Amino acid sequence: MTLTQEAPRVATRVVSEKKQRREGLATAIMVGPATVLYTVMLVVPVGLALYLSLTDWDGFSADPAFVGAANYADLLDDPELRRAALVTLLVAAAGTAGLNLLGLGFALLVNGASRANTFFRIVLFYPHVLSALVVGFLWSAILGTTGAVNNLVTSWGGEVIPFLSDPAWATVTMIAVLVWAGFGVNVVLYLAGLQAVPHSLIEAARIDGATRWQVFRHVTLPALGPSVTVNIVLSLVTLLKTYDLVVSLTAGGPAGQTQTVAYLILWNSFHDARLGFGSAQSVILMLVTAALAFVVTKLRRRGELAAHQ
């Protein structure tokens, strides 16, 4: 091959390499900020939590004392953590069910293009816009012992309803408020899923004589499989780390009966100045949350595949 014939190939290869370098640089520029943010906001805090969980640190002393797995051993003998774990699992299970049932139900009601549906979508989503602390204080003023509801009940000659003063009532009230404050997001996500359901399948089912329930059961619900999975996982993860609403609604009471694991972590870390022990609790909560999210996702995926077979 002559030099004249080789030159165009060399030039083409050089141009291609320059193009690849430019594309690589452009990718790095676009991905770089997100990578830095992800590292600073997630990787570094998780790594720091893992390190602190192996120490005995009050948050103020200069040198945390390394204690190895002692904090994790103490978790096994902590009755407060066991009680908080049960409360957290109850809140996560009942809350996830409530969020998704209400979310799907209202999404079906306000599905469709109309001014009334647009208005009701805004109303349903509005509680989620409020801060969880504000929501807790609001419902505390409504349902507290001297709140609006009990003042009305006692003025009619009734007895005070222990919404927040009885352990069982307080737990149910907390779950109800969490569902009220959060199901608007589920409505939006289910609405997005409903918009993706092929209208031709619904019309075909109706032509074949299917009732509304049969259309929902055999057409709409299977098509909503991915939306159901996303909603369940997001609801579960969010509820497992419930903290701020507990602070403003019940403050963990009565007698610590509504303390969640996230609330207990921050109480131990900052109120009791046991940052190492609190970090160990946070690591366990993180692992349990990841495991539950993984299991639920796998089970839902299997259900989706079975529904389409």
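The structure presented is a predicted model; accordingly, all values stated were derived computationally and were not measured.
Hydrophobic clustering of Ile, Leu, Val, Met, Phe, Trp and Tyr side chains at less than 4.5 Å, counting indirect connections, unites Val46 with Phe277. Linking ILVMFWY side-chain heavy atoms closer than 4.5 Å, directly or via other members, places Val177 and Leu101 in two distinct hydrophobic clusters. Hydrophobic clustering (ILVMFWY, side-chain heavy atoms < 4.5 Å, transitive): Val110 and Ile122 are in distinct clusters. Tracing side-chain contacts under 4.5 Å through hydrophobic residues (I, L, V, M, F, W, Y), one reaches Tyr243 starting from Phe270; they form part of the same cluster. Grouping the Ile, Leu, Val, Met, Phe, Trp and Tyr side chains by contacts below 4.5 angstrom, directly or via other members, places Ile265 with Leu42.
With 3.5 Å as the limit, one finds a donor-acceptor pair spanning the side chains of Tyr190 and Asn100.
In this structure, the side chain of Ser155 engages the main chain of Leu152 through a donor-acceptor pair within 3.5 Å. Put simply, the side chain of Asn71 never gets that close to the backbone of Asp56: no donor and acceptor are under 3.5 Å apart. A donor-acceptor pair is defined here as one N or O able to donate and one able to accept, closer than 3.5 Å; no such pair exists between the side chain of Arg274 and the backbone of Trp267. Of the possible donor and acceptor atoms, one in the side chain of Thr258 sits under 3.5 Å from a partner among the backbone N and O of Gly252. Judged purely by atom type and a 3.5 angstrom limit, Thr35 uses its side chain to pair as donor or acceptor with the backbone of Val31. A donor-acceptor contact shorter than 3.5 Å is absent between the side chain of Thr238 and the backbone of Ser235.
The structure places CG of Leu178 at 7.5 Å from CD1 of Ile175, a figure rounded to the nearest 0.5 Å. With rounding to the nearest 0.5 angstrom, the OG atom of Ser282 is 11.5 Å from the CG atom of Leu264. A distance of 15.5 Å separates CZ of Phe106 from CZ of Phe125, quoted to the nearest 0.5 Å. The structure places CG of Leu249 at 11.0 Å from CG of Asp244, a figure rounded to the nearest 0.5 Å. Between atom CE of residue Met286 and atom OG of residue Ser279 there is a gap of 10.5 Å, rounded to the nearest 0.5 Å. Taking CG of Asn186 as the start and CG of Leu191 as the end, the distance is 11.0 Å to the nearest 0.5 Å.
Residues Val44 and Thr39 have side chains in contact (heavy-atom distance under 4.5 Å, counting atoms from C-beta outward). Looking at heavy atoms from C-beta onward, Ser248 lies in side-chain contact with Leu133 at the 4.5 angstrom threshold. Between Trp180 and Val135 there is a side-chain heavy-atom pair separated by less than 4.5 Å. Side-chain contact between Ile202 and Arg206 is present, with heavy atoms from C-beta onward closer than 4.5 Å. Inter-residue side-chain proximity for Asn231 and Leu99 is flagged as unmet; no heavy-atom pair is nearer than 4.5 Å. A heavy-atom distance below 4.5 Å is found between the side chains of Leu189 and Leu234. Annotation: side chain of Arg300 is not in contact with side chain of Val233 (no heavy-atom distance under 4.5 Å). Residues Tyr72 and Val283 are in side-chain contact: their nearest non-hydrogen atoms beyond the backbone lie under 4.5 Å apart.
Note on ring orientation: taking the six-membered ring where Trp is involved, the planes of Phe216 and Trp213 are tilted (angle from 30° to 60°). Taking the six-membered ring for Trp and thresholds of 30 and 60 degrees, Phe163 and Trp169 have ring planes more than 60 degrees apart, a perpendicular arrangement.
Across all their heavy atoms, Asn268 and Asp272 have their closest contact at OD1-OD2, 3.3 Å. Shortest non-hydrogen contact noted between Asn150 and Gly144 is ND2-O, 2.8 Å. The shortest heavy-atom contact between Leu50 and Ser53 is O-OG, 2.6 Å. In terms of heavy-atom proximity, Leu109 sits nearest to Asn117 at O-OD1, 3.8 Å. A pairwise comparison of heavy atoms in Pro162 and Ser165 identifies CB-OG, 3.1 Å as the closest pair. Among all heavy-atom pairs drawn from Leu275 and Ser269, the shortest one is CD1-CB, 3.4 Å.
Partner of Leu240 under the side chain to side chain contact (heavy atoms under 4.5 Å, CB included) criterion, chosen from Thr260, Val91, Thr96, Leu292: Leu292.
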Apply side chain to side chain contact (heavy atoms under 4.5 Å, CB included) to residues Thr242 and Tyr263 and explain how you reach the verdict. CA-CA 7 Å; Thr242 299; Tyr263 179 91; over 6 Å; no
Test log, rule side chain to side chain contact (heavy atoms under 4.5 Å, CB included), inputs Val246 and Met174: CA-CA 7 Å; Val246 180; Met174 183 172 67; 3.6 Å; yes
Starting from the C-alpha separation in whole Å, work towards a yes-or-no answer on side chain to side chain contact (heavy atoms under 4.5 Å, CB included) for Arg121 and Val187. CA-CA 8 Å; Arg121 290 175 188 177; Val187 172; 5.5 Å; no
Step-by-step side chain to side chain contact (heavy atoms under 4.5 Å, CB included) determination, Leu201 to Val197: CA-CA 8 Å; Leu201 293 179; Val197 177; 5.8 Å; no
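Enclosure of atom CD in Glu159 is not indicated, since only 12 or fewer non-hydrogen atoms of other residues, nucleotides or ligands lie within 6.0 angstrom. No more than 12 heavy-atom neighbours from other residues, nucleotides or ligands sit within 6.0 angstrom of CZ on Phe294. For Arg82, the CZ atom counts as densely surrounded, since its 6.0 Å shell holds more than 12 non-hydrogen atoms of other residues, nucleotides or ligands.
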